[in-house]
Amino acid sequence: MFQDASEGFQVMGTAKIVSMALRNSLLWAVPFFVMVSGALLLDPEKEMSYKKIYSKYILRIFVCLVAACLIYGIIEIVIWGKDSPVNDFKIWFLAFYMGVGWKPLWYLYMLIALYIMLPIYRIISKHLEEKDWKYILVVLFIFQSIVPFINSLSGVNCGFYICVYTVYSLYFFVGYGIHKKVISINKALAWIGSIAGLALNFGLTVLAFICKMDKLYEAINSYSSIIVVLQAICMYYLLTGINGEKENAFSKILISIDKVSLGIYLVHVGLLRVMIYGVKFNPYSYGFYMVIIATLIILILSYAISHILHRIPGVRKFI
């Protein structure tokens, strides 16, 4: 919301800085869901054949991706008055293939990649002893977080690397590592890490904008940022109730959201595009408090619509 609306209405000054600072403070959310996936899908006790991976997981995300691109394309046709999607099919297909037409959908491309690698990840996790888990997590943390962070901050790329493309495999293994209690975090330390991560991401974003420190902003505005990685791990540890706490109202809310999380993700993108480019409602015109209110309304509407869609038999299996 903060990034889409501020860019859509070309917001500048303090409102832009605060919007991006809030956005960067919430970067832990995507890694959180990747860690949840790792905890669930890497469990060797869970039956996971090639057929199941491709027919259930990959097909589901691929159908959602194609459907979302088509629906968003139709929305844009209505908004910008294009004649027919057929006239722009080549452009649409190229944007779909390259993953550049609808940027928020990058998460689905990433999920498909993780699922394709899932058989390999499961073989690895099944045969790892505790010392092996610690080794692989340290190596992934160094080369998928620390090194990219230093590269972005310094502008000088390190020549040493491992042949793993992105940071998401680190999150995948960390999620399962915490689930199996290979990784254990003191609860107080987890709270400190979570709060410190929020404060650092917010404060450093403000500093980067005010002092025009582009390299600093590039370093922290990334899921591979050391700050984001450590913050996400601490938040995951706390929110998944790894300490064996009893179910409470908050955990029930999280479970309810989790059931339709993919739907919320897909629906909110469409709602944002309608609000920004269709209705042209600019919440910044009414003060920053309206941005917060609009964000909450989008979230609630996305949650409600996703639950409605989840009740439709043909749609339920996908979202």
Side-chain angles (χ1 to χ4, degrees), residues 1 29-30 32-43 45-79 84-86 89 92-93 95-97 99 101-119 122 168 172 175 179 239-240 247 249-275 278 295-319:
M1 172 64 174
V30 167
F32 178 90
F33 284 106
V34 178
M35 285 188 279
V36 170
S37 297
L40 295 174
L41 299 180
L42 290 179
D43 188 348
E45 300 300 321
K46 187 180 181 69
E47 189 276 326
M48 196 68 65
S49 64
Y50 285 101
K51 180 180 179 180
K52 184 175 182 179
I53 291 172
Y54 276 85
S55 64
K56 181 177 179 180
Y57 294 102
I58 294 178
L59 179 62
R60 175 196 179 200
I61 300 302
F62 184 78
V63 169
C64 287
L65 178 60
V66 173
C69 288
L70 285 172
I71 293 171
Y72 299 158
I74 293 171
I75 290 174
E76 291 175 352
I77 290 168
V78 173
I79 291 174
S84 169
V86 178
F89 178 75
W92 176 89
F93 182 79
F96 166 77
Y97 177 75
W102 303 273
K103 290 182 180 180
L105 295 179
W106 68 269
Y107 182 71
L108 300 185
Y109 290 90
M110 181 272 293
L111 272 184
I112 290 173
L114 277 180
Y115 290 157
I116 289 174
M117 291 294 293
L118 187 55
R122 284 177 58 83
Y168 304 106
F172 211 59
H179 174 68
L239 293 178
T240 52
E247 187 178 83
F250 183 66
S251 65
K252 289 180 179 178
I253 292 173
L254 287 179
I255 292 172
S256 178
I257 293 175
D258 179 65
K259 287 181 179 179
V260 292
S261 58
L262 180 59
I264 293 173
Y265 170 73
L266 294 171
V267 171
H268 99 278
V269 177
L271 292 179
L272 279 175
R273 297 185 87 83
V274 171
M275 184 194 81
T295 300
L296 293 175
I297 291 175
I298 291 291
L299 175 61
I300 293 170
L301 284 176
S302 300
Y303 173 80
I305 293 172
S306 298
H307 263 286
I308 293 172
L309 293 174
H310 194 67
R311 294 177 180 274
I312 302 174
V315 179
R316 182 186 305 160
K317 62 184 297 185
F318 294 103
I319 64 170

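- Between R60 and K56, the shortest heavy-atom contact is CB-O, 2.9 Å.
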Test side chain to side chain contact (heavy atoms under 4.5 Å, CB included) on L266 and I71; report intermediate values, then the result. CA-CA 10 Å; L266 294 171; I71 293 171; over 6 Å; no

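- Contact check for L42 versus H179: no side-chain heavy atoms found under the 4.5 Å cut-off.
- Contact detail for I61 and Y115: the closest heavy-atom pair is CG1-CE1, 3.7 Å.
- Residues I58 and L118 are not in side-chain contact: their nearest non-hydrogen atoms beyond the backbone lie 4.5 Å or more apart.
- Nearest heavy-atom pair, W106 versus V30, reported as atom, atom and distance to 0.1 Å: CH2-CG1, 3.7 Å.
- Closest approach of I116 and P119 over heavy atoms only: O-CD, 3.4 Å.
- Put simply, CG on L105 and CG on L111 are 11.5 Å apart, with the number rounded to the nearest 0.5 Å.
- We find the OG-CG distance between S306 and L301 to be 10.0 Å, quoted to the nearest 0.5 Å.
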Please walk me through it: do Y303 and V267 pass side chain to side chain contact (heavy atoms under 4.5 Å, CB included)? CA-CA 8 Å; Y303 173 80; V267 171; over 6 Å; no

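- Distance check, rounded to the nearest 0.5 Å: CG of L271 to CD1 of I264 gives 11.5 Å.
- One finds the CG atom of L108 at 8.5 Å from the CE atom of M110 (value rounded to the nearest 0.5 Å).
- Pairing each heavy atom of I298 with each of S302, the nearest pair is O-OG, 2.7 Å.
- Separation of atoms CG (L70) and CG (L65) is listed at 9.5 Å; rounding is to 0.5 Å.
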Applying side chain to side chain contact (heavy atoms under 4.5 Å, CB included) to K46 and L41, what does each step give before you reach the verdict? CA-CA 7 Å; K46 187 180 181 69; L41 299 180; 4.1 Å; yes

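- Classification of the F96-F62 ring pair by plane angle, with boundaries at 30° and 60°, yields perpendicular.
- Considering CG of L299 and NE2 of H268, their distance stands at 9.5 Å, rounded to 0.5 Å.
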